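Note that the structure is predicted; figures quoted are calculated from it, not measured. Letters A, B, ... mirror the listed sequences (proteins, then strands); counts begin at 1.
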Amino acid sequence: MFYFTAVSKKVIPAIEGFFTMDPEAPRLLGTQCKACQTYFFPPERGYCRNPECDSEELETVELSHEGTLWSYSHNGYKPPPPYVSPTEEFEPFAVAAVELEREKMVVMGMVPKPYTHEDLKVGQRMQLVLDPLYETDEERVMVWKWRPVEGGGSK
Amino acid sequence: MSKEVAIAGVGMHPWGKWGRNFVEYGVKAARDALKDAGLEWKDVDFVVGGDTMRNGYPGYVAGSTFAEALGFKGTQIASVYGACATGAQAIDAARARILAGLAEVVLVVGADAAPKGFFAPQKGDRPEDRDWQRFRLVGMTNPNYFGLYARRRMALYGATSEDFAAVKVKNARHGLHNPYARYRKEVTAEEIAASPLVADPLRLLDICATSDGGAAVILTSIEFAEKRGLKVPRIAAINAATPTYPNPILDMPYIATDSWAVVQPDARGFKPSIAYGAYEEAGIGPEDLDLAEVYDLSTALELDWYEQIGLCGEGEAEAFLRSGATTFGGKIPVNPSGGLACFGEAVPAQAIAQVCELAWQIRGVAEGRQVEGAKVGLSINQGLFGHGSAIIVKG
Ligand SMILES: [Zn+2]
């Protein structure tokens, strides 16, 4: 076992343009159609997918960072690539589907440690956090995750 | 003009893990289907192949691959891919050409040789690909989606792991005598509960495996079948439509639903709409069905289907199952073949295999698993990227 010094690593997003990198208050980045006002996540940039709308003007908007747990599951076995396990030996993790009230949509995300599927309950409040997806020698690759709201019915 | 076509013959290669080339499975199924129809390869004037994404270039041009294997003879061909609905889209293409008067005898064939384990996306770094996004950013496997729906059933309707296991126990019994099924063995609730947790709340034995297999049907015009004196089942409806925007249900492989903030979602929902479209085309309702073959990718999904195809009301599927309604002797046996629980999934062959089972059942030759007096059956499935299909077969 050897240790990395956290400060020396470059912190980068796992994908460009899906979320902000503010460590304290990260936000998902969606788009909103300027014509029909509908929301998209992942952000649609080229065209609106509402069949009644032919607009190609979409603007980037921050999505709600809290929502209600629609449902959840977990991975007892390592998913295939392009999934990258953060640890050499795979550790099971939970995934959460969270409903955003304002945007009226459900957005998936991993659930950060130490929370597991046993800490989750459909209907509870969840909040967005930034957490490492995996690390290399030089980089810490970050992604959005959903964590139970403190005092919101769990740990 | 009748919009029906005749299922003149059906054939399958047994499902399993045979480790051979997928073409072999398809050829076996095709030859069996021709024999079943009393026809020969030279009678076929159109071949539709269901593509596989897992066997290189020959898999992407399945129509040509199977035509070459059976012997190139200048036949019209098409190759079709639509995830789990591949076979139904292939059958639909065949039907369209028959009804247009452009073909009389059509071979539809699909086969797959599947690798072990989870279905993985194609290799390469493609951040715009929805399939790449779900694996890389969320680690979402197919069973995770099944897990979400199962947890949702538990939260909304009080479903239990024991209810899910009861689906598997039933289907394992159904498939016991099916010569084409991969698993022909009774499974107990205890064995299911003791199998490893794969995607909470689903255990290994709740989730269907991936299999090798091949299935084929010979479709002809009604006139051709009558001329030949064939007393065979007919395809009365095929529905392979997309969802409508906005789809508020998180379907594979998306990491988010559409937003329903501005546009109202269709009140029926995608999966019920797949069945509804087929009922509408056939001019029948769920009460007219004698059996159904539904896509039990997981045990819990079979319960969803009961409600989505209108066999019982929302939240009633567990009680409906427990009443014995969906097994032999019940109101409407579901998955008399044993379903995916006994087969495992061979993607491009599976929807064709469902139709083979309906045909055998309606002809009354489904030995060891015959639904008494079967006259009308529905098959239905759903897969990645907004694909789903339903087919109604009538005697
Ligand atoms: Zn728009």
Side-chain angles (χ1 to χ4, degrees), chain A residues 14-19 28 30 32-33 36-42 49-53 63 69-85 92-110 116-118 120-123 133 143-145, chain B residues 115 117-156 196-204 242 244-250 254-265:
Chain A
I15 191 162
E16 287 297 332
F18 277 38
F19 54 94
L28 288 171
Q32 189 172 20
C33 174
C36 76
Q37 310 297 315
T38 197
Y39 294 96
F40 295 102
F41 183 83
R49 287 196 288 105
N50 175 358
E52 303 293 325
C53 179
L63 302 183
L69 188 60
W70 183 80
S71 194
Y72 62 94
S73 182
H74 104 307
N75 270 303
Y77 293 86
K78 187 178 164 182
Y83 171 78
V84 182
S85 174
F93 62 94
V95 293
V98 174
E99 184 172 332
L100 310 181
E101 284 81 13
R102 178 170 57 104
E103 296 82 2
K104 295 204 181 347
M105 63 196 301
V106 175
V107 178
M108 288 298 311
M110 291 177 179
T116 74
H117 62 280
E118 287 174 355
L120 302 176
K121 196 169 186 297
V122 170
L133 183 61
V143 77
W144 80 91
K145 295 187 184 180
Chain B
F118 292 124
F119 279 139
Q122 313 238 327
K123 288 194 170 54
D125 217 22
R126 291 183 313 282
E128 306 78 25
D129 178 349
R130 306 277 198 234
D131 209 28
W132 183 94
Q133 290 168 5
R134 56 119 165 195
F135 280 104
R136 172 60 70 86
L137 303 173
V138 193
M140 286 291 286
T141 60
N142 291 358
N144 277 150
Y145 290 88
F146 314 152
L148 293 179
Y149 311 141
R151 267 286 159 209
R152 190 81 188 150
R153 273 207 84 79
M154 293 171 119
L156 289 186
L197 192 67
V198 172
D200 177 84
L202 300 173
R203 298 184 174 275
L204 188 63
T242 70
T244 55
Y245 180 91
N247 182 356
I249 300 296
L250 195 77
Y254 308 112
I255 59 170
T257 65
D258 294 329
S259 160
W260 62 94
V262 175
V263 187
Q264 276 303 303

Counting heavy-atom pairs under 4.5 Å with chain B, the top scorer among A/Q37, A/M105, A/E16 is A/M105

Chain B contact via A/V107 - which portion, at a heavy-atom distance below 4.5 Å: both

Among B/L137, B/L148, B/N144, the one residue meeting side chain to side chain contact (heavy atoms under 4.5 Å, CB included) with A/M108: B/L148

Hey, does B/L197 have a side-chain heavy atom less than 4.5 Å from the side chain of A/H74? yes

Option that, when pairs with chain B are counted at under 4.5 Å, heavy atom only, ranks first among A/G30, A/S73, A/P51, A/G76: A/S73

Are more than 12 heavy atoms from other residues, nucleotides or ligands located less than 6.0 Å from atom CD of A/E101? yes

Taking side chain as everything from C-beta outward and backbone as N, CA, C, O, which of these in A/E99 sits under 4.5 Å from a heavy atom of chain B? Side chain, backbone, both or neither. side chain

Using only atom types and a distance under 3.5 Å, with no angle test, would you say the side chain of B/R136 pairs donor to acceptor with the backbone of A/P82? yes

Which bit of A/F40 is near chain B, if near means a heavy-atom gap under 4.5 Å: side chain, backbone, both or neither? side chain

Please enumerate all residues that pass salt bridge (Lys or Arg N to Asp or Glu O under 4.0 Å) together with A/R49, with sequence neighbours excluded. A/E44, B/D258

How close do B/T141 and A/P79 get, heavy atom to heavy atom, and via which atoms? CG2-CB, 3.6 Å

Not counting sequence neighbours, which residues clear side-chain hydrogen bond (donor to acceptor under 3.5 Å, both in side chains) with B/R134? List them please. B/D131, B/N142

Donor-acceptor under 3.5 Å (B/R152 side chain, A/W70 main chain): yes

As an exercise: rank B/L202, B/L156, B/D200, B/I255 by heavy-atom pairs under 4.5 Å with chain A and give me the winner. B/D200

Any side-chain heavy-atom pair from B/P196 and A/Y77 closer than 4.5 angstrom? yes

If you count heavy-atom pairs under 4.5 Å between each of B/P248, B/P127, B/P121, B/G139 and chain A, which one has the most? B/G139

I'd like to know which of A/V143, A/V98, A/I15 tops the heavy-atom pair count under 4.5 Å against chain B. A/I15

Over all atoms of both residues, closest heavy-atom pair of B/R151 and A/V122: O-CG2, 4.3 Å

Go through the steps to decide whether B/Y245 and A/T38 satisfy the test side-chain hydrogen bond (donor to acceptor under 3.5 Å, both in side chains), and finish with yes or no. CA-CA 11 Å; B/Y245 180 91; A/T38 197; 3.0 Å; yes

Best-contacting candidate, A/C53, A/P42, A/G123, against chain B by heavy atom pairs under 4.5 angstrom: A/P42

Stepwise side-chain contact (heavy atoms from CB on, under 4.5 Å) check, B/W260 with A/V106: CA-CA 10 Å; B/W260 62 94; A/V106 175; 4.2 Å; yes

Mind listing the closest non-hydrogen atom pair of A/E103 and B/S259 along with its distance? O-OG, 2.6 Å

Closest-packed option against chain B by number of heavy-atom pairs under 4.5 Å, given A/A97, A/P92, A/P81, A/S71: A/S71

Is a side-chain N or O of A/N75 found less than 3.5 angstrom from the main chain of B/A199, in a donor-acceptor match? no

So which of B/A256, B/A155, B/G147 has the largest heavy-atom pair count under 4.5 angstrom toward chain A? B/A256

